[in-house]
Amino acid sequence: MRAIPAQRETVSRASDVPAHESVRPRAWTCATLPGSPLAPGSARALVHAGLTEWAELGLPGTEHRTARLADDTALVVSELVTNAVVHAGTDIELVCRMEEETGAIVVEVSDRHPSRAPRDGTPEPADGTPEYGRGLSLVGRLAESWGVTYRTGVKTVWARLAAEEHQEEAGTPRPFSIPGPGPRRPERDRDWLGRGALSFLAEASDLLAGQLDEDLVAALTGQLLVPRLADWCAVWLEDELTGRGWAPHGTAGAGPRLARVWHGSENRIEDLRVALEKEPPRPPDDLLSGPVPHPWPGEALEPEGTALAYRLIAGGRPLGTLVIGRAGPAGFPDEVTGLVEDLGRRVALAIGAARQYARQATISAVLQRGLLPGAVAEIPGVRSALVYEPCDQGGPSGDFYDVFPAADGRWCFAVGDVQGKGPEAAVVIGLARPWLRLLAREGYRVADVLDRLNQLLLDDATEAADANARALVGPAPPGEGPQTRFLSLLYGELAPFDGGVLCTLASAGHPLPLLLGPDGDVRTAAQPQTLLGVIEDATYTSETLELRPGDSLLCVTDGVTERRCGSRQFDDGDGLATALAGCAGLSAQSIAERIRRLVHDFGGRPPEDDLALLVLQAE
C-alpha cells in the first residue's frame, strides 16, 4: 500500500458495456479519479491500457488507430485532467471512447466544481477561454474540436481527435532540434515548439509524477529547462502556511527557500546562487501562475538578459516560485513563456504530491513509534528473538507484537494482525495493545483478556476510532460508514519456574503457534478460535503447556504462512512445521533468522505482506 492517499479509482472498459446499450462491445473506457496530483499520470495509463485493449479485441473503429493518434489522445487526456485538478480539485470522471465509423476518439473530463454558472443554455466557445489556462490551447492544437458543457453542479470539458486518415495530409514531419544558446536559437525555438514541445511536456509529466521528494522535483525541473528553454533557472520553495507573505531572507518562519539553481555552464552556478539568494522573489498576493519580470542577477551573469518568475500553485496553495533567464536582448518568445507555464503547473503538482507523501510518512512514523514497544522485554529463563518487517515502509503495518511484564511474576506476549493497513489499522492497534497490558496487569487471565478485547472491538467506541482514522486518510466513499475492524491475535502468558516455563496461550483467528522440541519434534500448541471483533457473544478458551529447557515456541503472522510463490503458499503441506523442524538445536535468534530467510527465498519477489515472527525459547 502507498503512503500518500489512495486513489479511489473505478474503471470500466469495453467488456463492461451493459448489453442493452449495444449489441456488440464498444471501444470505450470510463474511470473515476480523485482530484490529486497523481490523477494525470493515472489517466494517461488508463487511456493507453484502454487503447491497447480495444486493438487486441478488434473493436469497431480500431482499424483507424495509429501510434500518433494514441499519443495525442494521452496528451489531451493529461491536459484536461491536469486542468481539472488545478481548477477544481474534486473527484474527476474520465470517459474515452472511439467512434465506430470514423475511428475518431472522444475524451470527456468532468469535475464537480464549475467555475461559473451555465449561460442560459448558450454553448461555450470552442477554444480560447482564458480562465482554463494555457493547457486548453494545447488541446486546441491537437483536437479537431473541443468545448465545455455544463450541467447542474458538473462541468465537462470534451475534445474530439480525428483519425489521421480523416485529417489533412501533414506531409513528412521535420526533425526537431533541441533549442539552446547560440545565434540560431530563434530558428531552433520555432522548429522545436509544437509537437516536439508537447512530447516534452508529456515526458516531463511522467518524470515528475514519480518523485516523492520536493528537492528532487526542483532538481529535475532545472535539468528539464536548461538548456532547452532557458540559460539558467532557479526554484524557490515556500511553506504553504506562510507562502502568501514575504519577509527578508533570514527571517525565521517566512520567506522562500532557494532549493535549486541550475546554469548551462556549471562553473557559474555558485555565483548565480549567491546573487539570487540576496533578492528572493516577492510573490504577489494573488495566485496567478503567469510570468512576471524578475531582476536580472547582473553581478553574477554578463551580459544581461531577461528573467521571468512563475508562481508554482497547486490546489489553490502557493508552493514556490520558478525563475528562468536568457542572456541577450531577444528574451523569451511568447510560445516559450507559455510552455514554461505549462511545465510549471506540472512541477507544482509534483511538489504538492511530494509534500503530501512527506506529511503522510511523518504521520505514519509517529503512529508506528507509538504502536510498538521500544524493545522486547527480557524474560527470566527465556531467550527471545523477533523479526518484524512491514511491507509498506511508508505507513503503519497491520501486524503488531508486544512482550511485557504483568502481575504475580507473569510475563505476557502478543502477536496480532489487523484487517487492513495504514491509519485505520493503527487505530485498532492503538486500542488493542494498551488494553492487553491493562487487563493483564489487572490480573485477568488469557481467555478473559480475549473475551473483553473482543467486546471492545465490537463496542460503539470503535466508531469514534474510525472517525479519527478517516480524519487522517480523508472522507469515506459514499455509502461507507464506520466499519468493524477484525483482529487476529495470538496472546499468552509465561510463568517461569525451576524446571522451565509454564505457558498459557490462546489463538483467535491467528496462525497457530508451533512448539519445537530439542529432538526436532514439532507440534501445534493451541486450538483455532474465532477472530476478535466478529461475534458478539464469543467465549474464548486457553491452553497450558510447559516449555522445558531447549523447547522453542514459534509465533508468526500470516505474512509467513501465506507467503506466495505462484499458486503455492509457504505453509502448504505443513511447510512452516517442516522448516521449523530443521531448526533443532539452534538458538532463538538463529531460528528467527532462518525462518525469515526461508520465507524471503520462497518467492521470486519481495514479500507483499507484513511479516512478523516471535521465538520464545526456554533456557
Side-chain angles (χ1 to χ4, degrees), residues 7 9-33 39-85 91-111 123-124 126-127 135-149 151 154-170 173 195 198-199 201-203 205-206:
Q7 298 212 53
E9 197 174 275
T10 57
V11 181
S12 297
R13 293 201 173 106
S15 58
D16 300 321
V17 178
H20 67 273
E21 291 191 9
S22 176
V23 295
R24 56 182 176 177
R26 292 187 294 119
W28 81 308
T29 293
C30 69
T32 301
L33 301 169
S42 295
R44 288 194 302 274
L46 288 169
V47 168
H48 272 305
L51 293 174
T52 301
E53 181 188 29
W54 301 348
E56 291 174 349
L57 294 174
L59 299 182
T62 55
E63 65 272 16
H64 305 291
R65 177 184 180 274
T66 63
R68 174 170 173 172
L69 180 60
D71 290 342
D72 287 354
T73 301
L75 286 170
V76 167
V77 166
S78 182
E79 289 301 315
L80 295 183
V81 173
T82 299
N83 184 72
V85 170
D91 281 359
I92 297 165
E93 300 289 335
L94 167 66
V95 175
C96 181
R97 57 185 173 84
M98 177 174 283
E99 295 178 354
E100 295 185 8
E101 298 298 328
T102 66
I105 294 179
V106 178
V107 175
E108 299 176 359
V109 174
S110 302
D111 62 66
E124 287 291 314
D127 56 30
L136 296 193
S137 70
L138 298 179
V139 172
R141 292 163 64 181
L142 293 175
E144 179 187 62
S145 59
W146 70 274
V148 184
T149 302
R151 300 190 305 276
V154 178
K155 178 179 88 265
T156 299
V157 186
W158 59 268
R160 183 180 186 275
L161 293 86
E164 288 189 32
E165 66 182 78
H166 295 280
Q167 299 172 345
E168 296 181 2
E169 290 294 330
R195 293 192 59 80
L198 296 178
S199 298
L201 284 176
E203 292 167 2
S205 297
D206 290 336

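- Shown here are the side chain to side chain donor-acceptor pair (under 3.5 Å) partners of Thr73, two or more places apart in sequence or in another chain: there are none.
- Here the closest heavy-atom approach between residue Thr82 and residue Pro40 is recorded as OG1-CG, 3.4 Å.
- If you take CG on Leu59 and CD on Glu56, they are separated by 10.5 Å, rounding to the nearest 0.5 Å.
- When side chains are defined from C-beta on, Thr62 does not count as touching Glu53, because their heavy atoms never get closer than 4.5 Å.
- For the side-chain contact (heavy atoms from CB on, under 4.5 Å) test with Ile105, the passing option among Leu51, Asp72, Val47 is Leu51; the others fail.
- No side-chain heavy atom of Asp91 sits less than 4.5 Å from a side-chain heavy atom of Asp111.
- A heavy-atom distance below 4.5 Å is not found between the side chains of Val77 and Val109.
- Contact detail for Glu100 and Pro60: the closest heavy-atom pair is CG-CB, 3.7 Å.
- Side chains of Val107 and Val95 form no contact here, defined as non-hydrogen atoms less than 4.5 Å apart.
- At least one side-chain heavy atom of Trp54 sits under 4.5 Å from a side-chain heavy atom of Cys96.
- Shortest non-hydrogen contact noted between Ala104 and Ala162 is CB-CA, 4.0 Å.
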Stepwise side chain to side chain contact (heavy atoms under 4.5 Å, CB included) test for Thr102 and His64: CA-CA 7 Å; Thr102 66; His64 305 291; 5.8 Å; no
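- Annotation for Gly103 and Leu69: closest pair O-CD2, 3.8 Å, computed over non-hydrogen atoms.
- Of all non-hydrogen atoms in Ala43 and Leu33, the two that sit nearest each other are CB-CD1, 3.8 Å.
- Results of the side chain to side chain donor-acceptor pair (under 3.5 Å) test with Ser110 over Thr149, Thr156, Thr32 single out Thr156 as the only residue that passes.
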Test side chain to side chain donor-acceptor pair (under 3.5 Å) on Ser78 and Arg44; report intermediate values, then the result. CA-CA 6 Å; Ser78 182; Arg44 288 194 302 274; 2.9 Å; yes
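- Judged as a salt bridge (Lys or Arg N to Asp or Glu O under 4.0 Å), and not counting sequence neighbours, Arg65 has no contacts.
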Assess whether side chain to side chain contact (heavy atoms under 4.5 Å, CB included) is satisfied between His48 and Asp71, documenting all intermediate values. CA-CA 8 Å; His48 272 305; Asp71 290 342; 4.2 Å; yes
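- Applying the side chain to side chain donor-acceptor pair (under 3.5 Å) criterion to Glu108, with sequence neighbours excluded, gives no partner residue.
- Val106 places a side-chain heavy atom less than 4.5 Å from the side chain of Glu99.
- Closest heavy-atom contact between Trp158 and Trp146: O-CB, 3.0 Å.
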